[in-house]
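Below: the structure, in structure tokens.
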2 protein chains.
Amino acid sequence: MRSFLLRKTAFFRAYFRTFENMSLILQNIAKHIVLTPEEETLFLSKIETRTVKAKTILQNAGQVCQDSYFVNSGLLRSFTINDNIVEHVLSFACEGWWISDMYSLLSQKPGNLFIEVLEDSEVVVLSKTHQDQLYLEIPKLERFFRILIENSLVANQERLMDNLSLTAEERFEKFCKKYPTLIQKLPQKQIASYIGVTPEFFSKMKARMLKK
Amino acid sequence: MRSFLLRKTAFFRAYFRTFENMSLILQNIAKHIVLTPEEETLFLSKIETRTVKAKTILQNAGQVCQDSYFVNSGLLRSFTINDNIVEHVLSFACEGWWISDMYSLLSQKPGNLFIEVLEDSEVVVLSKTHQDQLYLEIPKLERFFRILIENSLVANQERLMDNLSLTAEERFEKFCKKYPTLIQKLPQKQIASYIGVTPEFFSKMKARMLKK
DNA sequence: TTGGGCACTTAATGTAGGTTAAGAAATATT
DNA sequence: AATATTTCTTAACCTACATTAAGTGCCCAA
């Protein structure tokens, strides 16, 4: 009897933990489309959560990307490394954001991006295989991901135009306004890399801005 | 009898012209999804073709964007103008490409982009209203547009990283390889603006490259 | 036919941001 | 607590690209 109870509480703990872990992603989906409880269950059956420690590399350049990640908690980034061994941040992802190497994921060719964990994090893993299955099983998800990608395209276009027309200082100000929570968490060199300047210049620029 | 024949030939002419005008966009769709003949007809009923002359502005910054354009023939571009009255090209669109101000189209807020006709062109116009209807009437189109947008996001991300890590010369070389047909058609200052340099610097750079 | 714009070139000078290097401060590792 | 490693700062010098300005060739409109 006692062992039964033990098993039972373990079951409930796991059950509730799953729900706790998954509620954020379901909320995220619910912002754009409505899933039935059965569809939610099906969706949940295709994903898994994973706890990852800071500095873990989830995706390496040169490899074919198999997974997208949704961040439950913590902080990740994607970046490239060019010939001179200089890193350039493509994107950050904190709570409630998705991150992946879309080029590699879609083309199933080796990618150029690294995906790195910046802070101990909990991520939801969605494999390409499962995502493709889900598109067929729950066609509404086409809409969900279409909307996500539309939003990220718009943000990307704006960033591109900003890089062409604004100074580093202006880009930094915009970044601060747009992602105030990220600023707190990020080491300065990561911000510099996202803005598109060297850490040395960023430091100088920051000092200059403080004087004003 | 004669007038009947006349009407008949007029009908056929219109019929075939419609088909001629629309076959490119249907082919474009067929690359990613399969539509039934009825769905194709429905789709065609929601769009119209329009002949536009060079220098026409199809979309003005400050206005809410209502339409996406698919290019049957000719050449368009989208661009912003910053405070200093400097233009920056976001994208070109020639035969078989889509162009719009996605930010404004999605948010229905005033946009920052201009869309201008560079060469006399024929475009297919798809209004936001019709597009939204189509998503409901032919859910497969969610997939089609998702794929289109995915591809453009990937291209944008690459361009962003290139702007951060490559020199103007390298960006130009990449542009030439990627869009060889565009190079022929575009005035040099448009290329310069896309690459992200002034026309003066571009000219100097070109001279330097020819010497090698 | 002329002339007024527009695209392109060349050249002098200016500057935002890069590079190198060395030290200080903060974090991580033992 | 001590050491190692990474992050940040400062400063001197360098360069890719911008700015300004003046000039050339070309199209096309009156």
Side-chain angles (χ1 to χ4, degrees), chain A residues 53-57 75 77 79 81-89 92 114 116-120 161-175 182-212, chain B residues 53-57 75 77 79 81-89 92 116-120 160-175 182-212:
Chain A
K53 306 212 81 177
K55 297 187 185 176
T56 309
I57 300 286
L75 182 56
R77 67 164 178 150
F79 64 99
I81 298 187
N82 75 4
D83 311 336
N84 316 317
I85 319 173
V86 176
E87 294 179 7
H88 291 278
V89 171
F92 298 112
F114 296 82
E116 183 198 22
V117 181
L118 289 177
E119 275 180 7
D120 294 358
M161 291 295 97
D162 287 349
N163 274 313
L164 294 179
S165 64
L166 304 180
T167 64
E169 209 168 312
E170 292 166 325
R171 276 177 269 144
F172 175 51
E173 276 163 358
K174 228 172 155 174
F175 183 79
L182 275 183
I183 298 286
Q184 322 294 340
K185 295 179 154 202
L186 286 171
Q188 205 168 290
K189 61 179 283 202
Q190 300 298 344
I191 302 174
S193 168
Y194 183 92
I195 298 299
V197 296
T198 58
E200 294 85 351
F201 181 77
F202 187 85
S203 177
K204 192 162 89 181
M205 183 179 92
K206 212 187 73 179
R208 189 175 66 212
M209 288 170 84
L210 280 175
K211 275 192 199 157
K212 295 178 191 169
Chain B
K53 306 213 82 177
K55 297 186 185 175
T56 309
I57 300 288
L75 183 55
R77 67 165 178 150
F79 64 99
I81 298 188
N82 76 3
D83 311 334
N84 316 315
I85 319 175
V86 177
E87 295 179 6
H88 291 280
V89 171
F92 299 112
E116 183 198 21
V117 181
L118 289 177
E119 275 180 7
D120 293 358
L160 189 57
M161 291 295 97
D162 287 350
N163 274 313
L164 294 179
S165 65
L166 303 182
T167 63
E169 207 167 314
E170 292 167 324
R171 274 176 270 144
F172 175 51
E173 276 164 357
K174 230 173 154 174
F175 183 78
L182 275 182
I183 297 286
Q184 322 294 340
K185 295 179 155 203
L186 287 170
Q188 205 168 290
K189 60 179 283 204
Q190 300 298 343
I191 303 175
S193 168
Y194 183 92
I195 298 299
V197 295
T198 58
E200 294 86 352
F201 182 76
F202 187 84
S203 175
K204 193 161 91 183
M205 183 179 92
K206 213 187 72 178
R208 190 174 66 211
M209 287 171 84
L210 281 174
K211 277 194 198 155
K212 293 178 191 167

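We name chains A, B, ... by the order of the sequence lines, and we start the count at 1 in each one.
B:D120 contributes no side-chain N or O that, together with a main-chain N or O of B:K53, makes up a donor-acceptor pair within less than 3.5 Å. Looking only at distances, no side-chain donor or acceptor of A:T56 sits under 3.5 Å from a matching main-chain atom of A:V117. Using modelled atom types, one side-chain atom of B:E170 and one backbone atom of B:T167 make a donor-acceptor pair closer than 3.5 Å.
Using cut-offs of 30° and 60° on the angle between ring planes, the pair B:F172 and B:F202 is perpendicular.
Considering only heavy atoms from C-beta on, A:Y194 stays 4.5 Å or farther from A:L182 through its side chain. Within the 4.5 Å cutoff, side-chain heavy atoms of A:L186 are placed close to those of A:L75.
Distance from the side chain of A:E200 is smallest for C:dT19 among the nucleotides D:dT19, C:dT19, D:dC17. The side chain of B:V197 lies closest to D:dC17, out of D:dC17, C:dT9, C:dG17. Comparing D:dT10, C:dT10, D:dA18 by their closest approach to the side chain of B:A207 singles out C:dT10. Checking D:dC17, C:dT10, D:dT10 against every side-chain atom of B:T167, the shortest atom distance belongs to D:dC17. Which of D:dT19, C:dT10, C:dG17 sits closest to the side chain of B:T198 comes down to D:dT19.
Results of the side chain to side chain donor-acceptor pair (under 3.5 Å) test with B:E169 over B:K174, B:R208, B:K206 single out B:R208 as the only residue that passes.
Going from atom CE of B:M209 over to atom P of D:dA16 covers 14 Å, rounded to whole Å. Straight-line distance from the CG atom of B:N163 to the P atom of D:dA16: 17 Å, rounded to whole Å. Counting to the nearest Å, the P atom of C:dG18 and the CG atom of B:L166 are 15 Å from each other. Atom CZ of B:F202 and atom P of D:dA16 are 17 Å apart (whole Å). A straight line from NZ of A:K211 to C1' of D:dT10 spans 11 Å, rounded to a whole angstrom. Summarising the geometry, the separation between CG on A:L164 and P on C:dA16 is reported as 18 Å, rounded to the nearest angstrom. Per the geometry, CE belonging to B:M205 stands 14 Å off C1' belonging to D:dA18, to the nearest Å. For the pair B:E169 CD and D:dA16 C1', the computed distance is 11 Å after rounding to whole Å.
Of the two residues near DNA chain C, B:F201 and A:K204, the one whose nearest nucleotide lies more 5' is B:F201.
Less than 4.0 Å separates DNA chain D from no heavy atom of any residue of residues 184-194 of chain B.
In this model, the phosphate group of D:dA11 is not approached by any side-chain N or O of A:R208 to a distance below 4.0 Å at OP1 or OP2.
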